[in-house]
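To start, the structure under review is shown below, and the notes come after it.
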Amino acid sequence: MTPMLEIAALEKRFGDTTVLRNIDLKVRRGELVFVIGPSGSGKSTMLRCCNRLEEPTSGSIFIAGRNIMNALSKDLNSLRLQTGMVFQGFHLYPHMSVVRNVMLAQVKALKRGEAEAKARAMDMLDRVGLAHKAEAMPTELSGGQQQRVAIARALALDPKVMLFDEPTSALDPELVGSVLKVMKDLKAQGMTMLVVSHEMGFAREAADRVVFMDGGVVVEQGPPEAIFGNPQHERTRAFLSRVSSHA
Amino acid sequence: MPGIIEMFFNLDIMRQSLPLLLGGLWMTLKLCAVVIGLGLVGGLFLSLAATSPRRWLRWPAMAVIDLMRALPPLVLLIFIYSGLPFAGVEMPAFAAVAIAFLLNNSAYYAEVYRAGLQSLPRGQWEAARATGLSMPQTLRHVIIPQAVRNVLPDLLSNTVEVVKLTSLASVVSLAELLYQANMARSVTYNSSPLVLAAAIYLVLLWPMVRLVSRYQRKLSI
């Protein structure tokens, strides 16, 4: 079966600096793949290449079998509807109510009618446990609530893949759980997800596969038990021991 | 003392010159409507060009903004009204004034908008583009509303300046408020019409000035 997301021979250079080197990665339908690695390892850049927020220098990215690197800028907008992205900093639109945040791209990019978009937005907000905050402004919400709205905003567009860029890194520890729970529910419902995160406990518990990146390359990947229990590479071992000594 | 009241606050003369001054006020308001209305739009486009990542858009826009901000508006006005006819380009006073002040004023509005656009975090762009919104949609629904809100006091403050600027149009005999007041002064040999004109400007602008201060106080909290 074609993977839902496939990254092939991806390279990214900023000037003379190569930040991603020959990345190959496949995410199957319904799979949750976790990307870990030290900061500066290129994890976020790789994720951002998947919807071309970052323009790859070379290589291919297939979403449901279609190479998005071939898309011209006009098609790119519609291709971006197939990937939902959640950012570390939430990036809700502060001048719109919560429900308007979730409706905007539905109406403008997907061309759904107001009523349909609103119904869908309420469904999604309900799914992340925030239907009662629909009319609130983003600044009235906690960080965890804002991030759940951001997830709802992405989900409302019926993406094929969800990309999470350190979704809990900006949250107070007591708020992390609510976001992880939403992600776990998503997985249970069969969503395909690529997650860059430092939540090792969550990776152990929920990931189908863990990918360890360092210095712009994929060092190793495998099921969480293998990566966490018996890492093959010295670099992986060094990183994991550093992380666990801080945890 | 009675001499001063007679010369500056002569109610009889004010009453007589009032119709003339109201005609001038109407002209001032028409001029403001054109210069402010088009300036707000022109300034927005200039600022978008000036903040564009595309160099061929950014550089000319920056050049226009710099030039128009460095050039005294009165010089520009006299050049357009009295200089251009030598090149065969003649136009009525109203058009010359509107064009000169529009050029000047768009540049000032553009600088204000630019501050607003640059105050927004990149994440707002990325979030919008990641959900499939096009560049114009992102600008219209996400970026511009926030940028404008962030610089509303400065936009308002610049608008006050524009209203004051229109009094320069008297130099090219456009019958706006100051011109008409000065006319009334020379006919009546009395300065009261000028005092009346000043009072009209004050009534017009004072609420706006108040509003700017209130806004700025609110934002600084």
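In what follows, every chain begins at residue 1, and chains take the letters A, B, ... in the order their sequences are listed. Side chains included, hydrogens not; waters and symmetry mates left out as well; all remaining heavy atoms used.
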Testing the basics here: between A/K108 and B/L133, what is the closest heavy-atom pair and its distance to 0.1 Å?
CB-CD2, 3.6 Å

So does B/F9 have more than 12 non-hydrogen atoms from other groups sitting under 6.0 Å from CZ?
no

B/A130 versus A/M85, closest heavy-atom pair with distance
CB-CB, 4.2 Å

Distance, nearest 0.5 Å, that separates OG1 of B/T131 from OH of A/Y93
4.0 Å

Can you see which heavy atom on B/V142 is nearest to which on A/H95, and at what distance?
O-CE1, 3.6 Å

Looking at A/K187, I want to see if its NZ is surrounded by more than 12 non-hydrogen atoms of other residues, nucleotides or ligands under 6.0 Å.
yes

Taking atom CE of A/M137 as the centre, does the number of heavy atoms from other residues, nucleotides or ligands within less than 6.0 Å exceed 12?
yes

Go through A/L163, A/L104, A/L110 and name the one with the most non-hydrogen pairs under 4.5 angstrom from chain B.
A/L104

Interatomic distance, B/R122 atom CZ to A/H91 atom NE2 [nearest 0.5 angstrom]
9.0 Å

Please report the closest heavy-atom contact between A/A109 and B/G132, naming both atoms and the distance.
CB-O, 3.6 Å

Of all heavy-atom pairs between A/L92 and B/Q124, which one has the smallest distance, and what is that distance?
O-NE2, 2.9 Å

Can a donor-acceptor pair be found between the side chains of A/N77 and B/R129 at a distance below 3.5 Å?
yes

Would one find more than 12 heavy atoms of other residues, nucleotides or ligands at under 6.0 Å from atom CD of B/E90?
no

For A/A105, does its backbone N or O pair with a side-chain atom of B/H141 as donor and acceptor, under 3.5 Å?
no

Select one option (side chain, backbone, both, neither) describing which atoms of A/F87 are under 4.5 Å from chain B's heavy atoms.
side chain

A/R29 atom CZ: more than 12 heavy-atom contacts under 6.0 Å:
no

Where does A/R52 contact chain B at under 4.5 Å (heavy atoms): side chain, backbone, both or neither?
neither

Closest-packed option against chain B by number of heavy-atom pairs under 4.5 Å, given A/R153, A/R48, A/M96:
A/R48

Checking B/L165 now: which residues fulfil side chain to side chain contact (heavy atoms under 4.5 Å, CB included) with it, not counting sequence neighbours?
B/P73, B/F101, B/N104, B/L168

